[in-house]
Number of protein chains: 2
Amino acid sequence: MENPLAKRFAPHEIAEAEAFIEANPEAPLDPRIERLVNDLIGRVADKWTLLVLELLEEQGTLRFTRIAQQVEGISQKMLTQTLRQMERDGLLTRTVHPVVPPRVDYALTPLGNSLSAAFCGVWVWAERNLEAVEDSRRRFDTRD
Amino acid sequence: MENPLAKRFAPHEIAEAEAFIEANPEAPLDPRIERLVNDLIGRVADKWTLLVLELLEEQGTLRFTRIAQQVEGISQKMLTQTLRQMERDGLLTRTVHPVVPPRVDYALTPLGNSLSAAFCGVWVWAERNLEAVEDSRRRFDTRD
DNA sequence: CAGCATCCCAAAAGATACTG
DNA sequence: CAGTATCTTTTGGGATGCTG
């Protein structure tokens, strides 16, 4: 199994931990929950996932080939993999139309849209601070 | 060179493009800038980078070994690499104290703190939606 | 068209040993 | 202590062929 921890909790266990966190924002997380959150962050804070997420957010429903064309540099294998993982995590829906030739549509779920919104601050940060970062990199590379 | 695009722009070129973006939020980005932003996102939206960022945000100045202890599962190689990249991007400072045994302190810069703040929404999203995601994964794994 | 399967190579990550 | 150097393992990703 890809993530052995993913099945150790009943939904109510997670819900209780969640409620506890909400009530005690300064309390340290349950290590198991912390690990699940870190795993989740690890999956969504992925280059391809982010690019697909933003593309679907901007353009709505898209077919496999359209996504492949617009996500620069992604291989078909990684796109398939990324889409499957996002589907598994509930970020998008995959709709297969029984026609010839086959047609498969991908679209964000409300959960996917909310994640995209959560990342908005990071995109804004990246655009706002691009110059500062590039400056820092130049300085670092030319230091004695 | 790690990123051949990183040195093709003078700061004022980037600044002008930035201003244009601010003035035309719906206009498509200059492809070169878009690429730089994507590269930057690719570096900061990295599992280890995020974990180190949050750790330093919460605990302030930390030494190498303290970070290694608290970032679960990171190897010293990846930690060194991650810290160097973050330093290069201007997210943190690395202070070497000339003592025996050696002591090296790491602390976020204002830029690093602002990135951490930008990621706040993502952490909140992950905690809030952990249960929904885990449910989705269980359903996906047990589908017919 | 939208993929899955397979093979292969390169790059990234991990484990371990060693050093100023 | 805070790394570097080295070696091994894992993963990423291109290429190709095949299928419903």
Side-chain angles (χ1 to χ4, degrees), chain A residues 1-4 35 38-39 41-52 55-56 59-88 92-107 140 143, chain B residues 1-4 35 38-39 41-52 55-56 59 61-89 92-107 140-141 143-144:
Chain A
M1 184 162 32
E2 210 177 290
N3 174 9
R35 194 153 176 178
N38 287 353
D39 287 346
I41 292 277
R43 290 196 305 278
V44 300
D46 163 78
K47 179 187 178 178
W48 299 133
T49 301
L50 279 186
L51 293 177
V52 170
L55 190 67
L56 288 174
Q59 304 192 13
T61 302
L62 288 174
R63 302 177 62 174
F64 185 89
T65 307
R66 293 285 296 149
I67 302 177
Q69 288 164 354
Q70 296 189 71
V71 178
E72 149 152 5
I74 196 168
S75 67
Q76 172 221 58
K77 187 168 128 185
M78 286 312 293
L79 180 53
T80 301
Q81 222 172 84
T82 301
L83 289 170
R84 286 290 185 283
Q85 187 172 64
M86 291 175 76
E87 185 193 4
R88 186 175 185 230
L92 54 76
T93 57
R94 178 171 177 273
T95 310
V96 182
H97 301 280
V99 296
V100 181
R103 177 192 178 93
V104 181
D105 286 334
Y106 293 91
F140 190 90
R143 76 198 185 286
Chain B
M1 184 161 34
E2 209 177 290
N3 175 10
R35 194 152 176 179
N38 286 352
D39 288 347
I41 293 276
R43 290 196 305 277
V44 300
D46 163 78
K47 180 186 178 179
W48 299 132
T49 301
L50 279 186
L51 293 177
V52 169
L55 190 67
L56 288 174
Q59 303 192 13
T61 302
L62 288 173
R63 302 176 62 173
F64 185 89
T65 306
R66 292 286 297 148
I67 302 176
Q69 288 164 354
Q70 297 189 72
V71 178
E72 150 151 6
I74 197 168
S75 64
Q76 89 278 59
K77 182 170 134 185
M78 285 312 293
L79 181 54
T80 301
Q81 222 172 85
T82 301
L83 290 170
R84 286 290 187 283
Q85 188 173 62
M86 291 175 76
E87 185 193 5
R88 186 175 184 228
D89 283 341
L92 54 76
T93 57
R94 177 171 176 274
T95 311
V96 182
H97 301 280
V99 296
V100 181
R103 177 192 179 92
V104 181
D105 286 333
Y106 293 92
F140 191 90
D141 293 342
R143 76 198 186 286
D144 308 319

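All figures in this text were calculated on a predicted structure; none of them were measured in a lab. In the text below, chain A, chain B and the rest are named by the order of the sequence lines, each starting its count at 1.
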Visitor: Is A:R63 near enough to C:dA2 that one of its side-chain N or O atoms lies under 4.0 angstrom from OP1 or OP2?
Guide: yes

Visitor: Using heavy atoms to find the nearest nucleotide of DNA chain D for A:G73 and A:P102 separately, return the residue whose nucleotide is more 5′.
Guide: A:G73

Visitor: Does B:W48 make a side-chain N or O approach to OP1 or OP2 of C:dA13 shorter than 4.0 Å?
Guide: no

Visitor: If you look at every strand shown and take non-hydrogen atoms under 4.0 Å, does A:R66 touch a base, only sugar-phosphate, or nothing?
Guide: nothing

Visitor: Which pair of heavy atoms, one from B:R43 and one from B:T49, lies closest together, and at what distance?
Guide: O-OG1, 3.5 Å

Visitor: Mind listing the closest non-hydrogen atom pair of B:L50 and A:A45 along with its distance?
Guide: CD1-CB, 3.7 Å

Visitor: What is the separation between atom CD1 on B:I74 and atom P on D:dA2, rounded to the nearest whole Å?
Guide: 14 Å

Visitor: Separation of B:L83 atom CG from D:dG3 atom C1', in whole Å?
Guide: 11 Å

Visitor: In whole Å, I'd like the distance from the NE2 atom of A:H97 to the P atom of C:dG3.
Guide: 11 Å

Visitor: Counting any heavy atom closer than 4.0 Å, what does B:Q81 reach on the DNA or RNA strands: base, sugar-phosphate only, or nothing?
Guide: sugar-phosphate

Visitor: In whole angstrom, give the distance that lies between atom CE of A:M78 and atom C1' of C:dA11.
Guide: 13 Å

Visitor: In whole angstrom, what separates B:L79's CG from C:dA12's P?
Guide: 18 Å

Visitor: Side chain of B:T65 only, please: which of C:dA17, C:dA2, D:dC1 is the nearest?
Guide: D:dC1

Visitor: Rounding to an integer number of Å, can you tell me how far B:D105 CG sits from D:dG3 C1'?
Guide: 15 Å

Visitor: Kindly give the heavy-atom pair with the smallest separation between B:E72 and B:W48, and that separation in Å.
Guide: O-CZ3, 3.7 Å

Visitor: Could you go through the side-chain hydrogen bond (donor to acceptor under 3.5 Å, both in side chains) check for B:Q69 and B:R66 one step at a time?
Guide: CA-CA 5 Å; B:Q69 288 164 354; B:R66 292 286 297 148; 3.1 Å; yes

Visitor: B:L62 CG to D:dG3 C1': how many Å, rounded?
Guide: 17 Å

Visitor: Expressed in angstrom and rounded to an integer, what is the separation of A:Q85 atom CD from C:dG3 atom P?
Guide: 16 Å

Visitor: Could you check which of C:dG14, D:dT4, C:dC4 has an atom nearest any side-chain atom of B:Q76?
Guide: D:dT4

Visitor: So, does A:Y106 get its side chain near the phosphate of C:dG3, meaning an N or O under 4.0 Å from OP1 or OP2?
Guide: yes

Visitor: Looking only at atom types and distance, does a side-chain atom of A:R143 sit under 3.5 Å from a main-chain N or O of A:F140, one as donor and one as acceptor?
Guide: yes

Visitor: For A:P101 and for A:K77, locate the closest nucleotide of DNA chain C by heavy-atom distance; then report the residue assigned to the nucleotide nearer the 5' terminus.
Guide: A:P101

Visitor: Between C:dG3, D:dG3, D:dG13, which one does the side chain of B:R94 approach most closely?
Guide: D:dG3

